[in-house]
Number of protein chains: 2
Amino acid sequence: MPNVTRNTRQRGEVLALLREVDGFHTAQQLHQMLVARKARVGLTTVYRTLQLLVDAQEIDSTRLPGGEQLFRRCSQSRHHHHLVCRRCGSTVEVAGPAVERWADQVAAQHGFTEVGHTFEIFGTCAQCAR
Amino acid sequence: MPNVTRNTRQRGEVLALLREVDGFHTAQQLHQMLVARKARVGLTTVYRTLQLLVDAQEIDSTRLPGGEQLFRRCSQSRHHHHLVCRRCGSTVEVAGPAVERWADQVAAQHGFTEVGHTFEIFGTCAQCAR
DNA sequence: CTCAATGCAAAAGGTTTGCACGCTT
DNA sequence: AAGCGTGCAAACCTTTTGCATTGAG
């Protein structure tokens with residue numbers, strides 16, 4: 001973990017890409033996109049940068065039922081969930097205040113502390129269904 | 001995929017173990033438990049049997065944020081969610097009809113089809129918090 | 001006797017780490 | 001000049017697969 005965050009070309013490339021693409025993508029996918037646009041960034045660096053961004057809460061990450069980690073630049077700063085297309089990875093950010101409250105309440109009822117939760121909705125978007 | 005399911009000693013061991021243990025456990029953990037009790041079942045078989053059981057809807061599986069797959073024998077037959085202790089893996093099964101409906105509704109609003117969702121609550125249970 | 005099931009070893013992902021070199025500050 | 005960041009290769013982990021052997025029916 002770096003104490004200082006330097007502005008390197010590679011990090012710029014990753015950030016620039018994240019600003020352009022929409023929806024969730026795996027680290028591998030993002031790396032491939034970078035390679036495709038001749039950005040010369042190593043896979044290792046992509047992973048490290050993404051992890052850095054997740055820690056800094058600048059991007060969001062979830063996991064597919066398959067286990068791969070997905071990353072996405074988040075436009076909302078508040079906690080929220082995602083409706084993700086299985087096919088193309090496009091996402092809709094949804095807020096579900098009721099769900100949050102319910103989760104915390106259920107956990108509290110059972111004496112659980114340090115509560116967190118994951119909630120993702122998967123489906124096939126209208127585009128991809130055609 | 002087998003057309004016929006034969007009753008082998010190994011499958012019996014796995015099932016017996018699942019009946020005894022509580023909460024979610026990874027395939028590796030279950031395998032270690034089997035080894036510990038000298039049940040002589042290969043890791044491969046554990047994976048294959050668990051997958052079989054998941055397909056047959058006899059057990060439930062989720063994934064940790066870390067990506068490992070967890071398995072658990074389910075007492076409820078209906079769709080439900082889990083409150084999982086991060087420390088000891090003990091779980092509480094919770095039904096959240098409202099959540100289900102909300103998920104389907106949100107998805108439909110955005111034109112998504114073949115909708116599924118994942119919802120897990122993580123925390124530290126009262127036991128482990130002490 | 002047949003064919004599904006097993007188990008080993010190897011493959012196959014995806015992600016992380018060790019280490020020497022290079023670039024930001 | 002100092003030390004963080006990079007990138008390659010190798011290590012790691014979990015899960016899957018190939019294949020010869022075992023055993024249920």
Side-chain angles (χ1 to χ4, degrees), chain A residues 1-18 24-56 58-72 84 86 89 120, chain B residues 1-18 24-56 58-72 84 86 89 118:
Chain A
M1 293 110 235
N3 308 325
V4 184
T5 295
R6 295 185 176 177
N7 294 327
T8 61
R9 180 185 58 74
Q10 290 86 335
R11 290 186 180 173
E13 305 273 22
V14 172
L15 286 167
L17 177 63
L18 284 169
F24 275 103
H25 299 274
T26 64
Q28 308 263 356
Q29 287 173 335
L30 292 168
H31 178 240
Q32 279 169 18
M33 292 182 217
L34 287 169
V35 169
R37 57 153 85 179
K38 314 217 190 314
R40 316 270 257 74
V41 182
L43 177 58
T44 309
T45 299
V46 173
Y47 274 106
R48 281 195 281 230
T49 303
L50 289 172
Q51 193 50 58
L52 226 51
L53 292 170
V54 168
D55 291 346
E58 303 226 346
I59 61 174
D60 228 37
S61 91
T62 6
R63 272 176 206 271
L64 278 182
E68 308 119 285
Q69 194 168 9
L70 298 174
F71 301 91
R72 181 180 198 244
V84 187
R86 282 196 184 86
E120 303 295 328
Chain B
M1 289 117 233
N3 308 324
V4 184
T5 295
R6 297 185 177 177
N7 293 329
T8 62
R9 180 184 56 76
Q10 289 85 337
R11 288 186 182 173
E13 304 273 25
V14 173
L15 286 167
L17 177 62
L18 285 169
F24 276 103
H25 298 274
T26 65
Q28 308 264 355
Q29 286 173 335
L30 293 168
H31 178 240
Q32 278 170 20
M33 292 180 216
L34 288 169
V35 169
R37 56 153 86 178
K38 314 217 188 313
R40 316 269 257 78
V41 181
L43 177 58
T44 310
T45 299
V46 172
Y47 273 107
R48 281 194 281 231
T49 302
L50 290 172
Q51 193 50 59
L52 227 49
L53 293 170
V54 169
D55 292 345
E58 303 225 347
I59 60 173
D60 227 38
S61 91
T62 4
R63 271 173 206 274
L64 278 180
E68 309 118 285
Q69 194 168 8
L70 299 174
F71 301 90
R72 180 179 196 243
V84 188
R86 283 195 184 86
T118 65

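Hydrogens, waters and symmetry mates are skipped; everything else that's a heavy atom, side chains included, is used. Note that the structure is predicted; figures quoted are calculated from it, not measured. Chain naming here is simple, since letters A, B, ... match the order of the sequence lines and numbering starts at 1 in each.
In plain terms, the two heavy atoms of A/Phe71 and A/Thr26 that are nearest each other are CD1-C, 4.4 Å. Nearest approach of A/Asp60 to A/Phe24, heavy atoms of both residues: O-CE2, 4.0 Å.
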Side chains of residues 33-40 of chain B: which donor-acceptor pairs under 3.5 Å do they make with residues two or more places apart or in other chains?
{"unit_1": "B/Arg37", "atom_1": "NH2", "unit_2": "B/Glu20", "atom_2": "OE1", "d": "2.9"}
{"unit_1": "B/Arg37", "atom_1": "NH2", "unit_2": "B/Glu20", "atom_2": "OE2", "d": "3.4"}

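Taking atom CG on B/Asn7 and atom C1' on C/dC3, their separation rounds to 16 Å, with Å as the unit. Rounded to whole Å, the distance from CZ on A/Arg6 to C1' on C/dT24 is 5 Å. Here C/dA4 presents its P atom at 13 Å from CG of B/Leu52, a figure rounded to the nearest Å. Summarising the geometry, the separation between NE2 on B/His31 and C1' on D/dT16 is reported as 15 Å, rounded to the nearest angstrom. Separating the NE2 atom of B/His25 from the C1' atom of D/dT14 is a distance of 18 Å, rounded to the nearest angstrom. Atom P of nucleotide C/dA5 and atom CG of B/Asp55 are separated by 13 Å, given to the nearest angstrom.
A/Leu17 has its side chain within reach of A/Leu30: a pair of non-hydrogen atoms, C-beta onward, lies under 4.5 Å apart. By the 4.5 Å heavy-atom criterion applied to side chains, B/Leu15 and B/Leu53 are counted as neighbours. Using a 4.5 Å heavy-atom threshold, the side chains of B/Leu52 and B/Arg11 count as touching.
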Just by protein heavy atoms under 4.0 Å, how would nucleotides 6-15 of chain C read 5' to 3' in B, S and -? BBBB----SB
